[in-house]
Trainee: 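Pasting a structure below so you can have a look.
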Amino acid sequence: MVETADIVVVGGGCIGASIALHLAERKAGKVLLVEKEELANGASGKGIGIIRTHYTHPLLAELAHQSLKLFHQFSERYGGYNSGFNPCGYYVLVGKSDVETLKRVTQMHRSTNINVDLVDLQQVQDVVPRLNLTDVAAAAYEPESGYGSPPQTTRALAKRAADLGVEIRLHCPVQQIKLDSQGQVAGVVMAGGEVATRTVIDCVGPWAKKFIEHLGLEFPVTPVVEHVLVVERPKEFLSNHPVISDLVNLCYSRSDADEPYTRIGNSDPKYHPRFSLHDADEFQGQLFPNITEELHQKLLHRFPILEKGKIVEKYSGIWGVTPDYQPIIDKLEHVPGLYCAVGFSGHGYKLSPIIGDLMSQFVLGENNLLVDKLKLFRLSRFRKNDLIRSPLSYSQAKGLR
Ligand SMILES: Cc1cc2nc3c(=O)[nH]c(=O)nc-3n(C[C@H](O)[C@H](O)[C@H](O)COP(=O)(O)OP(=O)(O)OC[C@H]3O[C@@H](n4cnc5c(N)ncnc54)[C@H](O)[C@@H]3O)c2cc1C
């Protein structure tokens with residue numbers, strides 16, 4: 001007899017795990033979470049994990065704010081599991097040309113009750129005396145933000161999902177979505193056999209383009225390699241520091257909680273065409289030439305004391321990036337029964353709890369104001385050349401903010 005499921009969620013990253021969990025919370029019936037390798041095999045395995053609300057687009061700020069609240073309540077909300085969230089605080093630093101934008105973004109956030117304030121540069125210097133602020137003209141601070149561990153969070157969400165009855169199948173690539181004679185979803189074909197279902201949720205992240213090709217659909221999701229450099233802080237600078245979002249030099253850094261390490265990643269969109277792959281399966285942990293050296297220089301510029309620090313690791317992960325750096329969250333009208341939540345670019349981790357909550361409602365046909373706002377992320381925006389744009393924009397960071 002053919003196995004059946006009410007809903008099959010494909011992809012065991014933070015997005016798929018969160019959606020499966022929230023579906024189970026809403027008693028959606030038999031939910032199967034299918035992952036081709038291990039949980040957090042893709043972007044969620046390598047993310048640097050920054051959790052903040054600083055977005056120029058009001059909806060992203062609102063989603064990030066709702067998600068931040070869920071990270072604060074994570075353990076109570078999700079069965080006692082730990083996401084690795086460390087609310088160590090978050091600074092955003094801007095240069096002269098972006099002072100006005102920072103003020104307006106901060107004002108917009110404060111009007112929606114986000115806990116953020118413009119802060120004096122002296123205050124930043126007092127908290128992190130080792131920072132070089134010579135090219136910084138203004139700063140804002142979010143005391144409730146910080147970072148978490150994306151792989152730990154993914155596993156925590158999946159464990160909670162399993163507690164609530166979700167069946168998780170690892171090492172089980174979905175090879176095909178089967179359609180019936182009306183073109184409606186009828187099931188999935190996996191390495192280990194078939195499952196009949198009327199609802200599939202595609203959460204395959206950077207694999208989005210490839211995964212859906214056999215249905216004649218095209219997702220504009222480009223797999224892009226993202227690099228991280230880790231430096232051990234010297235004895236003169238052992239204490240942890242808050243997350244630093246550096247919009248002057250387009251990078252972000254944070255310290256680890258239990259080691260004297262500072263991690264830095266790139267947020268300059270100009271690199272992305274260079275680091276793009278044709279197919280996410282080409283990703284083998286490769287490092288593109290020169291980028292980690294450039295990251296090192298950016299880190300030394302911001303923290304000159306790290307000249308004395310040792311590089312302890314260089315690694316890379318993979319993002320699924322869309323032309324406007326925003327996700328595709330949709331119900332695909334031309335393939336009834338197929339939903340997607342892919343292309344989260346550089347911000348899927350921080351959004352994962354709220355996206356799981358909203359997407360589960362969307363799939364189950366429940367509606368409210370916030371679920372309705374997900375329409376912004378519809379797939380058709382690319383065909384209609386109606387990309388998501390922010391009313392406010394930083395001079396260089398562009399869509400990443
Ligand atoms: C270096 C780096 C730094 C980052 N920093 C941040 C940050 O600071 N803050 C933030 O919010 N975000 C950050 N991100 C982005 C964030 O990690 C991603 O947006 C998020 O993890 C996306 O999750 P996902 O579940 O959509 O995709 P993924 O985690 O990529 O999961 C997709 C899963 O689908 C599986 N899959 C693919 N094809 C199939 C198939 N056919 N069958 C079954 N399974 C399949 C894959 O194996 C994979 O496990 C960063 C990412 C990287 C790489």
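Order of appearance sets the numbers: ligands from 1, and atoms from 1 within every ligand.
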Trainee: Are Asn82 and Ser75 close enough that a side-chain donor and a side-chain acceptor fall under 3.5 Å?
Mentor: no

Trainee: Assess Arg52 against Tyr55: is NZ or CZ under 6.0 Å from the centre of the six-membered ring, and within 45 degrees of the ring's axis?
Mentor: yes

Trainee: Write out the protein residues near ligand 1, meaning a non-hydrogen atom under 4.0 Å from one of its atoms, in order of chain and number.
Mentor: Val10, Gly11, Gly12, Gly13, Cys14, Ile15, Val34, Glu35, Lys36, Asn41, Gly42, Ala43, Ser44, Lys46, Gly47, Ile48, Gly49, Ile50, Pro173, Val174, Cys203, Val204, Gly205, Pro206, Trp207, Phe211, Glu226, Val228, Tyr252, Gly317, Ile318, Trp319, Phe344, Ser345, Gly346, His347, Gly348, Tyr349, Lys350

Trainee: So is Arg254 actually on top of Tyr147's ring, under 6.0 Å and inside 45° of the axis?
Mentor: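 Yes, a cation-pi geometry.
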
Trainee: Quick one: pull up CG in Leu68 and OG in Ser145 and give me the separation to the nearest 0.5 Å.
Mentor: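 Those atoms lie 4.5 Å apart.
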
Trainee: Under 4.0 Å between a Lys/Arg side-chain N and an Asp/Glu carboxylate O for Lys27 and Asp6?
Mentor: no

Trainee: Phe85: which residues meet the ring-ring contact (aromatic ring centres under 6.0 Å, His included) condition with it, sequence neighbours left out?
Mentor: Phe71, His72

